[in-house]
Amino acid sequence: MSLVELHAIHKSFGELQVLKGINLSIDEGQVIALIGKSGSGKSTLLRTINGLEVIDDGAIIVDGKKISDRDADLLGLRLQVGMVFQQFNLFPHYTALENVMLSPQVVKKQSKADARKVAEEMLIKVGLADKMMHYPDQLSGGQQQRVAIARALAMKPKVLLCDEVTSALDPELVNEVLAVVRQLAEEGMTLVMVTHEMRFAREVCDKLVFMHQGRIHETGDPEEVFASPKTPELSSFVGGLA
Amino acid sequence: MAYKFDFGAIVPHWELLLDGVILTTELTVIGAVVGVGLGIMGAWARASRTPVISQIVGVYVELIRNTPFLIQLFFIFFGLPALGVKLTELQAAVLAMIVNLGAYSTEIVRAGIQAVPHGQIEAAQSLAMSRLQIFRYVIILPALQKIWPALSSQIVIVMLGSSVCSQIAAEELTFGANYIQALNFRAFEVYFIVTGIYLVMSILLRMVLKVLGNYLFERRRHV
Ligand SMILES: Nc1ncnc2c1ncn2[C@@H]1O[C@H](COP(=O)(O)OP(=O)(O)OP(=O)(O)O)[C@@H](O)[C@H]1O
Ligand SMILES: [Mg+2]
């Protein structure tokens, strides 16, 4: 059984159909890259997986349980599925450490000491041992994004969703964030990432999902898919990047 | 005939003025604390997913913002007894100030909430925080920080507005002034001095609010 299964997900914004029947299963330990043109629905798909967008039709099944749009179900879903955004979205009035500690404390009701221990562990993991007491505006973009990753990890999610986590960064800061994601992948974290870093997708991901006009247009092993795209859309997408 | 100024005529009544200052201060402190608390709850309710709740608060806000404070005060003091709610002058005065500031601060706090980047709220959601947790831990402090100057001004306005509570014989500062000038007919001197007292009180209140703001929004590590 897969960790997360998406069945025939449909989502529209008004007249605009953004997701037109998405089927996808995410297995434990799998690292999935979502690629596609701007506006193809990648972010929307990712956001449906942790309930930030309510779906119009279809089913999201996590650990064998169908998720409804009731609050209790959504909170349960989000305990399993963490997310990191393109804009880091740190809470500006908390230090890096407090950003990471907050949710374990208030949601999981961990003691301050326990939350702190986990938070320090996560910040060390992302290479920010010396920045714990810094506020977001005292950190570079790459550092902020690593705090955001640590913050998501501190909740011990089963799946981590990453939406273009390096797109808002200056080029010289991209690698420090990608290195963290790569390390997570190597440690067996289940990841679904929207990315424009094709080389990274090829090296790190087990499965490539190419979205086109609200549908999964082509999917497969990254090496094979990049080497010989089966659809003209993917081949022009890949070609356009080269 | 030149008017002979005699500020000395006020001196025997200084206790009346002092009592007035104390009462005005008390009204303002209670009004500000409860009123802003009401405003925070109002702003929360305004963002409610239940349209009725949001609409009720909306009506309250518009009702208060589009009617004179004096009428609100009269309604509470003279009108409510018809419904069996009889309040003392002071209770009516403080209630009117709370209700008035509650409405204005609902709108001010709401503007602060809207200024919190939506991405931060989504990040909090994706950390499985509930709506109330997000409001309490993520939204309210940065929101208040953003609108603190506007909120401070509104509190000063309410303090100054409390002078109309003299109209229902609440014995605040303006009441004291009216009383003194009725005794000695020294209107110029009394109101001159009371103007100065209000001015000083406003300046002090602004300073207190500034210090309070610095304390609330100071970067204070929680761990
Ligand atoms: N909240 C919304 N309201 C209305 N339309 C939306 C909303 N969110 C997304 N859309 C529209 O849905 C479509 C898909 O958007 P989405 O953000 O999923 O694309 P994407 O594949 O992530 O693109 P990009 O690579 O630019 O991030 C776009 O046309 C977008 O304008
Ligand atoms: Mg996107």
Side-chain angles (χ1 to χ4, degrees), chain A residues 46-47 49-53 71-72 74-108 112-113 115-116 119-120 132-138 147-148 151-157 160-161 163 168, chain B residues 36 40 43-45 47-54 108-109 111-151 210-223:
Chain A
L46 218 53
R47 291 162 57 81
I49 303 179
N50 78 343
L52 287 178
E53 301 290 355
D71 276 1
L74 287 181
L75 293 184
L77 170 65
R78 290 169 186 157
L79 279 173
Q80 319 251 12
V81 182
M83 182 149 179
V84 183
F85 301 82
Q86 182 174 346
Q87 304 298 336
F88 332 117
N89 295 333
L90 296 183
F91 309 132
H93 53 306
Y94 293 132
T95 60
L97 186 62
E98 289 163 357
N99 262 276
V100 182
M101 284 173 65
L102 179 64
S103 205
Q105 270 185 284
V106 306
V107 176
K108 289 192 159 177
K112 201 171 222 182
R116 184 176 179 135
E120 286 175 349
M132 293 188 190
M133 296 301 169
H134 285 55
Y135 284 87
D137 63 8
Q138 299 166 334
V147 174
R151 182 173 68 175
L153 292 177
M155 291 298 280
K156 312 271 164 149
L160 187 64
L161 310 174
D163 193 358
Chain B
V36 170
I40 291 173
W44 161 259
S48 165
R49 282 179 296 183
T50 318
V52 194
I53 294 177
S54 165
I108 295 173
V109 174
I113 290 173
Q114 281 167 350
V116 173
H118 194 61
Q120 287 173 24
I121 294 165
E122 292 195 332
Q125 285 178 320
S126 70
L127 291 164
M129 291 169 73
S130 69
R131 281 168 56 83
L132 193 57
Q133 287 166 342
I134 294 172
F135 188 75
R136 178 165 162 207
Y137 295 106
V138 176
I139 294 178
I140 194 63
L141 208 60
L144 284 179
Q145 182 170 17
K146 186 137 274 172
I147 50 82
W148 195 249
L151 197 57
K210 196 159 171 64
V211 170
L212 180 64
N214 288 346
Y215 171 77
L216 280 176
F217 311 121
E218 180 198 1
R219 298 202 143 176
R220 207 165 340 106
R221 296 194 182 117
H222 304 264
V223 286

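Smallest separation of non-hydrogen atoms from B:Ala123 and A:Phe85: CA-CE1, 3.6 Å.
One finds the CE atom of A:Met155 at 9.5 Å from the OG atom of B:Ser126 (value rounded to the nearest 0.5 Å). A:Leu102 contributes atom CG, which lies 4.5 Å from atom CE of B:Met129 (distance to the nearest 0.5 angstrom).
Under the 3.5 Å distance criterion, the side-chain polar atoms of A:Asn89 are matched with a main-chain donor or acceptor of B:Gly119.
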Exercise. Does the side-chain contact (heavy atoms from CB on, under 4.5 Å) test come out yes or no for B:Tyr137 and A:Tyr94, once each step is laid out?
Worked result: CA-CA 10 Å; B:Tyr137 295 106; A:Tyr94 293 132; 3.7 Å; yes
Problem set entry | side-chain contact (heavy atoms from CB on, under 4.5 Å) between B:Arg136 and A:Val106, worked out | CA-CA 10 Å; B:Arg136 178 165 162 207; A:Val106 306; over 6 Å; no
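Put simply, the side chain of B:Ser130 reaches to within 4.5 Å of the side chain of A:Leu75, judged on heavy atoms.
Heavy-atom distances place the side chain of A:Arg47, and not its backbone, under 4.5 Å from chain B. With a threshold of 4.5 angstrom between heavy atoms, A:Met83 approaches chain B through its backbone and through its side chain. The part of B:Gln133 that comes within reach of chain A is its side chain, from C-beta onward, which places non-hydrogen atoms under 4.5 angstrom from that chain.
Of all the listed residues (A:Ala152, A:Pro92, A:Gly82), the one sharing the greatest number of non-hydrogen pairs under 4.5 Å with chain B is A:Pro92. Between chain B and the options A:Leu90, A:Leu52, A:Leu79, A:Val81, heavy-atom pairs under 4.5 Å are most frequent for A:Leu52.
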